[in-house]
Number of protein chains: 2
Amino acid sequence: MAVKTAPLTENQTANLADMFRLLGDPTRLRIVLATLDGPLPVGTIAAKLDLSQSLVSHHLRLLRGARIVRHERKGREVHYQIHDHHVACVIDDMIAHVSEVREAEL
Amino acid sequence: MAVKTAPLTENQTANLADMFRLLGDPTRLRIVLATLDGPLPVGTIAAKLDLSQSLVSHHLRLLRGARIVRHERKGREVHYQIHDHHVACVIDDMIAHVSEVREAEL
DNA sequence: TCTCCATATGAACACCTATTCATATATAAG
DNA sequence: CTTATATATGAATAGGTGTTCATATGGAGA
């Protein structure tokens, strides 16, 4: 199936690149992957990934700004989860692609 | 639909991040988007996007290494196109996501 | 109020990388 | 072999950013 590609505006291209760029850092990507499992407080994410609380918070701020994750206060904690299932799909597709490439290599 | 996420190995996560990172640069993304239209020689891509030949070549090298694009010699020219339709799908999904987000904002 | 805990934020630095410029390689034609 | 065109490559640099450390903010309980 050929893909129809209507030309994107400059802003659309920039937004698109931003999304990819934010997912392009290994640490940040690990954080995003962690938020796929469900709403998790910042401290739990940091502990699970063995990262400093500050670093996780910095990254979550960026991810929040791009609407890759959503947050919700629960008492003193702030729980983060993937923003929507569309973002999750994009990530899953890329995982599938990477897997296929690896298979083709072997 | 909830997404089942089998934990990825360190290498898989790194590969995944690399794919996203390569698509995360605006200039490189524009080049990738251009290759969606079909096999194009380097010079044509450079001209169409108003970029230097050297810059385009550098980026194509990286994209080739990650199997995001494929190349084929045609006489003196080297034609580039998107590597496979799976990569095209990932990009289209992200475009759709960005579009949806923009709509939700207005 | 004060204290504790969880998270956010600001500044500073070190590293990475996108870009440019110059040059090399490769293919085709005379 | 020489010339011309198309692409690739190497080095150098300027700007961006991921990380750390220190500190601030904010909610919960006494």
Side-chain angles (χ1 to χ4, degrees), chain A residues 10 13-35 38-83, chain B residues 10 13-35 38-83:
Chain A
E10 193 174 349
T13 307
N15 287 340
L16 196 60
D18 270 344
M19 288 296 257
F20 284 127
R21 183 177 55 81
L22 287 168
L23 296 173
D25 176 71
T27 303
R28 206 155 43 214
L29 180 59
R30 289 178 64 210
I31 294 174
V32 173
L33 293 175
T35 64
L40 290 179
V42 179
T44 301
I45 298 175
K48 183 182 284 191
L49 304 180
D50 194 35
L51 301 171
S52 77
Q53 176 270 323
S54 175
L55 182 56
V56 174
S57 185
H58 276 296
H59 282 309
L60 284 172
R61 184 168 143 86
L62 297 176
L63 294 170
R64 227 172 48 187
R67 300 171 194 272
I68 293 176
V69 299
R70 339 194 298 109
H71 70 295
E72 185 182 2
R73 267 215 109 91
K74 291 283 191 189
R76 317 185 203 187
E77 301 177 338
V78 179
H79 293 234
Y80 282 84
Q81 58 182 310
I82 202 77
H83 188 278
Chain B
E10 194 175 348
T13 307
N15 287 340
L16 196 60
D18 271 342
M19 288 295 257
F20 284 127
R21 183 176 55 81
L22 286 168
L23 296 174
D25 177 71
T27 303
R28 205 154 45 214
L29 180 59
R30 288 178 66 209
I31 294 174
V32 173
L33 293 175
T35 65
L40 290 178
V42 179
T44 302
I45 298 175
K48 184 182 283 192
L49 303 182
D50 193 34
L51 300 171
S52 77
Q53 177 269 323
S54 175
L55 181 56
V56 174
S57 185
H58 276 296
H59 282 308
L60 285 172
R61 183 168 146 86
L62 297 176
L63 294 170
R64 228 172 48 188
R67 300 172 194 274
I68 293 176
V69 300
R70 345 195 285 110
H71 70 294
E72 186 183 0
R73 267 216 108 91
K74 291 283 191 190
R76 317 187 204 187
E77 300 177 339
V78 179
H79 292 235
Y80 282 83
Q81 59 182 308
I82 201 78
H83 188 278

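Reminder, nothing fancy here: chain letters follow the sequence lines and each chain counts from 1. In this text, all values refer to a predicted model and were calculated from it rather than measured experimentally.
For the pair I31(B) and L51(B), the minimum side-chain heavy-atom distance is below 4.5 Å. For the pair R28(A)/L23(A), no side-chain contact is recorded, criterion being any heavy-atom separation below 4.5 Å from C-beta on. You'll find the side chain of I82(B) stays beyond 4.5 Å of the side chain of R70(B), heavy atoms only.
Note: CG (L29(A)) to C1' (dT17(D)) measures 17 Å, nearest angstrom. Taking atom CG on L22(B) and atom C1' on dT17(C), their separation rounds to 11 Å, with Å as the unit. Protein atom CD of E77(B) is 11 Å distant from nucleotide atom C1' of dT27(C), rounded to whole Å. The nearest whole Å value for the distance from the CG atom in D50(A) to the P atom in dT20(D) is 10 Å. Atom CG in L63(B) sits about 13 Å away from atom C1' in dA18(C), given to the nearest Å. The distance from atom CG of L51(B) to atom P of dT20(C) is 8 Å, rounded to the nearest whole Å. Atom CG in L23(B) sits roughly 16 Å away from atom C1' in dA18(C) (whole-Å rounding). Atom CD1 in I31(A) sits roughly 13 Å away from atom P in dT7(C) (whole-Å rounding).
R28(B) has a side-chain polar atom (N or O) that falls below the 4.0 Å cut-off from OP1 or OP2 of dA18(C). The phosphate of dT17(D) has OP1 or OP2 within less than 4.0 Å of a side-chain N or O from R21(A). One finds no side-chain N or O of H79(B) lying less than 4.0 angstrom from the OP1 or OP2 phosphate oxygen of dA6(D).
Across the helix from dT1(C)-dA30(D) to dG30(C)-dC1(D), the helix axis at one end is tilted relative to the axis at the other end by 30° (nearest 10 degrees, each axis from five pairs).
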Interface polar pairs with nucleotides 8-15 of chain C, N/O, under 3.5 angstrom:
residue, atom, partner, partner atom, Å
dA8(C), OP1, Y80(A), OH, 2.6
dA8(C), OP2, S57(A), OG, 3.0
dA8(C), N7, Q53(A), NE2, 3.0
dT9(C), OP2, R61(A), NH1, 3.1
dT9(C), O4, S54(A), OG, 2.8
dG10(C), O6, H58(A), NE2, 2.7

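Rounded to the nearest 0.5 Å, atoms CG (L49(A)) and CG (L33(A)) are 9.0 Å apart. With rounding to the nearest 0.5 Å, the separation of CG in L40(B) from OH in Y80(B) is 12.5 Å. In this structure, OG1 on T35(B) lies 7.5 Å from CG on L63(B), to the nearest 0.5 angstrom. Once rounded to the nearest 0.5 Å, the distance linking CZ of R30(B) with NZ of K48(B) reads 11.0 Å.
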Run the side-chain hydrogen bond (donor to acceptor under 3.5 Å, both in side chains) check on H79(A) and Q81(A) step by step: do they pass?
CA-CA 7 Å; H79(A) 293 234; Q81(A) 58 182 310; over 6 Å; no
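Across every non-hydrogen atom of I45(B) and A34(B), the tightest pair is CG2-CB, 4.5 Å.
Annotation: of the two residues near DNA chain D, K74(A) and H59(A), the 5′-most nearest-nucleotide partner is H59(A).
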